[in-house]
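Reading through the structure tokens given below for one structure.
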Number of protein chains: 2
Amino acid sequence: MKVLNCPLFSNIRAEEVKKLYICLRAKEVKFEQGAEICAYDSGKGVLGVVTSGEVVIKKIDPNGNSTILDHIQKNGVFSDVFAFTSTEVNFIGAYASLPTTVVFLDYPSVFKRCENACEYHSTFVENFLKIVIEKSKTLSQRVEILSNKTIREKVLSYASIAVKNSGSLTFTLPMSLTSFAEYLCVDRSAMMRELKKLSSQGVLKTNKRVFTVLDKKYI
Amino acid sequence: MKVLNCPLFSNIRAEEVKKLYICLRAKEVKFEQGAEICAYDSGKGVLGVVTSGEVVIKKIDPNGNSTILDHIQKNGVFSDVFAFTSTEVNFIGAYASLPTTVVFLDYPSVFKRCENACEYHSTFVENFLKIVIEKSKTLSQRVEILSNKTIREKVLSYASIAVKNSGSLTFTLPMSLTSFAEYLCVDRSAMMRELKKLSSQGVLKTNKRVFTVLDKKYI
DNA sequence: TACAAAATGTTGCAAAAACCACAAAAGGTG
DNA sequence: CACCTTTTGTGGTTTTTGCAACATTTTGTA
């Protein structure tokens, strides 16, 4: 099993990571593209690290429509412990969107202290905390955006955050417009219509994925 | 300053909590009802523990409309580190909804290790991790609910989770219908109309805050 | 380069939701 | 109890949205 070079193990030397692997009962599993990695409903809690490939978290409703809730890149961490749970209606699961390797860690062991690796274990918990804080910020940002009632407000709310982060009135979407509509939880064509309207009103010009806010007062 | 009896300090004895207070530069501040406690936009990060009273996290838009994003009860923790940030458009801040006492902790110190209290510091970080995980789950649950496009689906999605948690097809809203509409980010009157429709269709009966799902197959 | 697949762009139409205005009921308080 | 405030309940009207269907462009890849 390859020693991980991911934020979860930052500031821990390779030898100590190996000890932690034992402590956390690490198991490496390979998945084909499209394969289901796990359901998000286990009582125990899944904790996975993507060591190659890519993982998407998908919600599947009773009609078979699927929505992508999250993308996890290489060295990213996914877990039903801190995000999303299947319900009676909607199934949520992790899928390999590419040929993917995942290292599974035993979640309960995170909070147990074994005798041999305690020092690094503390660092591990700190790293984990930082990651969950980051996930939490991302989620709360999305709640803020989704809390707007109209597509227009959702787009402008997103733009407001993007402008703040980029420091410029122009920014590029980190995803396709199709995915963007999915992120905003709105119909793509309705969003396109609204983008055109915003453009004609001189509020926000868009060219494919490049967005330019024309006046800060609008956002 | 009263020794805290809150999840952030669980499994830590009173004497050690006092040491941690020093380590984390704890400062106790009292607020009158309605007072602004802090803005959610500081670069450093606010970390507050409610030791008496109640705190609400409010978003205030340019028109002056305010939305309550979160309620923090006694012994609860609030922080802009893991949830919500003000943007150019919307101001977000913490307010005392009752006469309230808050103990502020220095966020950067959470990740620093001082020589005298390290043992308890680890426990503190673990406790903090558990709290952030809990907050994260709450947020992701809300994203799941808000990701539905119609009011009907939002209500049923909420009901699905509530039924799962309560273990019964009947549950009582922990808030007013007015607040519930705000939580779902929909117009209250439109929601009332939809609740009536759900009732007439024999899907979900509601009487004030008491909801009864008539058949599990609907949720 | 040629082909297939994905993404972008556009429109009509029906459905849904927001907005508005108001009435009745419930709850809290002096 | 009387008063005020909040919550609940209702319906009309306008706006917004989702849906479906399609053309065009871009992208990836064999």
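Numbered from 1 within each chain, the chains take letters A, B, ... in sequence-line order. None of the values given here were measured: they were computed from a predicted structure.
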A:Arg193 or A:Asn207, whichever maps to the more 5' nucleotide of DNA chain C: A:Asn207
Selection from D:dG18, C:dA18, C:dA16 that lies nearest to any side-chain heavy atom of B:Thr150: C:dA16
Integer-rounded Å distance: D:dC19 P and A:Glu182 CD: 13 Å
Any B:Arg188 side-chain nitrogen or oxygen under 4.0 Å from OP1 or OP2 of C:dA17: no
B:Ile151 CD1 to D:dG18 P, straight-line distance once rounded to whole Å: 12 Å
Rounded distance [0.5 Å steps], OG in B:Ser136 versus NZ in A:Lys135: 8.5 Å
Between C1' of D:dT6 and CE of B:Met175, the distance in whole Å: 17 Å
Given C:dA7, C:dA26, D:dT10, the nucleotide with the shortest approach to the side chain of B:Met192: D:dT10
B:Ser189 (side chain) and C:dA18 (base): donor-acceptor pair under 3.5 Å: no
Enclosure of A:Lys137 NZ (heavy-atom neighbours >12, cutoff 6.0 Å): yes
Whole angstrom value for the distance that separates C1' of D:dT16 from NZ of B:Lys149: 14 Å
Pi-cation contact, A:Phe104 with A:Lys27 (under 6.0 Å, within 45°): no
Over 12 foreign heavy atoms within 6.0 Å of NZ, B:Lys18: no
Distance test, side-chain N/O of B:Arg209 to OP1/OP2 of D:dT8, below 4.0 Å: yes
Test: B:Lys149 and A:Asp187 ion pair at under 4.0 Å: no
B:Met191 CE - C:dC19 P separation (whole Å): 15 Å
Which residue lies more 5' along DNA chain C, comparing B:Lys154 with A:Lys196 via nearest heavy atoms: A:Lys196
Phosphate OP1/OP2 of D:dT8 contacted by B:Thr178 side-chain N/O (<4.0 Å): yes
d(CG, A:Asn148; P, D:dT16) in whole Å: 15 Å
Separation of atom CG in A:Leu195 from atom P in C:dA7, rounded to whole Å: 17 Å
Nearest-Å distance for atom pair CD/P, residues A:Glu153 and C:dA18: 10 Å
OP1 or OP2 of D:dT16 under 4.0 Å from side-chain N/O of A:Lys197: yes
Residue mapping more 5' on DNA chain D - nearest nucleotide basis, A:Cys185 or B:Thr206: B:Thr206
